[in-house]
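On a predicted model such as this, the values are computed, not experimentally measured, just so you know. For the single chain, residues carry numbers from 1 onward in sequence order.
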Amino acid sequence: QVQLVESGGGLVQAGGSLRLSCAASGRHFSWLTMGWFRQAPGKEREFVAGISWTGDTSFNADSVKGRFTISRDNVASTVYLQMTNLRFEDTAIYYCATTNREQIDTNWKLWYIWGQGTQVTVSS
């Protein structure tokens, strides 16, 4: 069973940057599709970015295109989310997740292993 642990969240001013990390333990990380999601208070969890097991395919939600980049290091069993030009509306708990499906689904209900989340707060 894969376990996921996020880190790198914090408080940052609008326009600033953060890099989130998600370290995976367990076997077969390099075979897994990985994703980042976020959930703001009172809102449903939403897709942020996803990346295929090879790293060749990735895409972002429209709300973060041009600002966030997902990447992975299969040797280190870690997936990253580089966030730049942060906005107040990016404030949320950020979760990494994995799915047993090859495709990158934007529906969070199709992802089955989750980390505990890391808080990102952007001050305006």
Side-chain angles (χ1 to χ4, degrees):
Q1 181 79 338
V2 174
Q3 293 184 317
L4 305 174
V5 178
E6 302 96 333
S7 61
L11 174 64
V12 63
Q13 289 187 330
S17 299
L18 283 175
R19 188 176 81 155
L20 305 183
S21 299
C22 173
S25 61
R27 298 181 297 174
H28 309 313
F29 171 82
S30 60
W31 302 350
L32 298 174
T33 300
M34 299 297 297
W36 285 96
F37 292 76
R38 67 186 182 186
Q39 189 166 19
K43 295 188 177 181
E44 189 173 5
R45 192 166 297 190
E46 66 174 358
F47 173 81
V48 175
I51 189 166
S52 65
W53 67 274
T54 62
D56 292 341
T57 302
S58 65
F59 70 87
N60 295 349
D62 288 343
S63 58
V64 305
K65 278 181 181 176
R67 302 187 299 121
F68 292 10
T69 303
I70 187 171
S71 62
R72 66 188 296 160
D73 181 343
N74 284 345
V75 175
S77 298
T78 302
V79 62
Y80 303 98
L81 185 68
Q82 179 67 51
M83 306 186 294
T84 62
N85 193 19
L86 283 159
R87 303 170 181 168
F88 175 75
E89 54 265 34
D90 295 320
T91 296
I93 299 174
Y94 283 71
Y95 300 89
C96 70
T98 187
T99 175
N100 55 2
R101 295 158 64 91
E102 186 173 348
Q103 63 265 37
I104 301 169
D105 292 299
T106 59
N107 182 351
W108 67 269
K109 296 178 182 178
L110 297 177
W111 297 69
Y112 77 115
I113 294 178
W114 295 83
Q116 83 288 351
T118 186
Q119 176 71 48
V120 172
T121 303
V122 184
S123 61
S124 57

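Every residue meeting the ring pair (Phe, Tyr, Trp, His ring centres under 6.0 Å) condition with Trp114, not counting sequence neighbours, appears here in chain and number order: Phe37. Under the ring pair (Phe, Tyr, Trp, His ring centres under 6.0 Å) criterion, Phe59 pairs with Phe47, sequence neighbours left out.
Closest of all the heavy-atom pairs between Asn60 and Ala49 is OD1-CB, 3.2 Å. Among all heavy-atom pairs drawn from Trp36 and Ile70, the shortest one is CD1-CD1, 3.6 Å. Annotation for Gly8 and Leu18: closest pair O-CD2, 3.8 Å, computed over non-hydrogen atoms. Scanning both residues, Ala92 and Ala40, for their nearest heavy atoms gives CB-N, 3.8 Å.
Residues in residues 31-41 take part in these salt bridge (Lys or Arg N to Asp or Glu O under 4.0 Å) pairs, two or more places apart or across chains: Arg38-Glu46, Arg38-Asp90. Among residues at least two apart or in separate chains, salt bridge (Lys or Arg N to Asp or Glu O under 4.0 Å) pairs with a member in residues 93-111 are Arg101-Asp105. Residue pairs meeting the disulfide (SG to SG under 2.5 Å) criterion with at least one member in residues 1-76, sequence neighbours excluded: Cys22-Cys96. Applying the ring-ring contact (aromatic ring centres under 6.0 Å, His included) test to residues at least two apart or on different chains, none of the pairs has a partner in residues 66-106.
Atom CG of Leu32 sits about 10.5 Å away from atom CH2 of Trp53, to the nearest 0.5 Å. Between the CD atom of Gln13 and the OG atom of Ser124 there is a distance of 9.5 Å, given to the nearest 0.5 Å. Atom CG of Leu86 sits about 8.5 Å away from atom OG1 of Thr91, to the nearest 0.5 Å. Interatomic distance, Leu4 CG to Gln116 CD, rounded to the nearest 0.5 Å: 9.0 Å. Here the CD-OG distance, from Glu89 to Ser63, works out to 9.0 Å after rounding to the nearest 0.5 Å. Within the model, atoms CE of Met34 and CG of Leu81 stand 11.5 Å from one another, a figure rounded to the nearest 0.5 Å.
Taking hydrophobic clusters as Ile, Leu, Val, Met, Phe, Trp and Tyr residues chained together by side-chain heavy-atom distances below 4.5 Å, Ile104 does not share a cluster with Phe29. When hydrophobic clusters are built by joining Ile, Leu, Val, Met, Phe, Trp and Tyr residues whose side-chain heavy atoms come closer than 4.5 Å, directly or via intermediates, Val48 is not grouped with Ile93. Cluster annotation: Val2 and Tyr112 are assigned to the same hydrophobic cluster (Ile/Leu/Val/Met/Phe/Trp/Tyr, side-chain heavy-atom contacts under 4.5 Å, transitive).
Side-chain N or O atoms of Asp73 include one that pairs as donor or acceptor with a backbone N or O of Ala76 at under 3.5 Å. In this structure, Thr78 contributes its side chain and Ala23 its backbone to no donor-acceptor pair below 3.5 Å. Side-chain N or O atoms of Gln82 include none that pairs as donor or acceptor with a backbone N or O of Thr69 at under 3.5 Å. Thr84 places a side-chain N or O within donor-acceptor distance of the main-chain N or O of Arg67, the cut-off being under 3.5 Å.
For the residue pair Glu44 / Trp108, a side-chain donor-acceptor distance below 3.5 Å is found, with atom types taken as modelled. Side-chain N/O atoms of Arg87 and Asn85 include no donor and acceptor closer than 3.5 Å.
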Can Asn100 and Trp31 be said to form a side chain to side chain contact (heavy atoms under 4.5 Å, CB included), step by step?
-> CA-CA 9 Å; Asn100 55 2; Trp31 302 350; over 6 Å; no

Starting from the C-alpha separation in whole Å, work towards a yes-or-no answer on side chain to side chain contact (heavy atoms under 4.5 Å, CB included) for Thr33 and Ile51.
-> CA-CA 6 Å; Thr33 300; Ile51 189 166; over 6 Å; no

Run the side chain to side chain contact (heavy atoms under 4.5 Å, CB included) check on Met83 and Val120 step by step: do they pass?
-> CA-CA 10 Å; Met83 306 186 294; Val120 172; 3.9 Å; yes

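The neighbour count for Gln119 CD, taken as heavy atoms of other residues, nucleotides or ligands under 6.0 Å away, is above 12.
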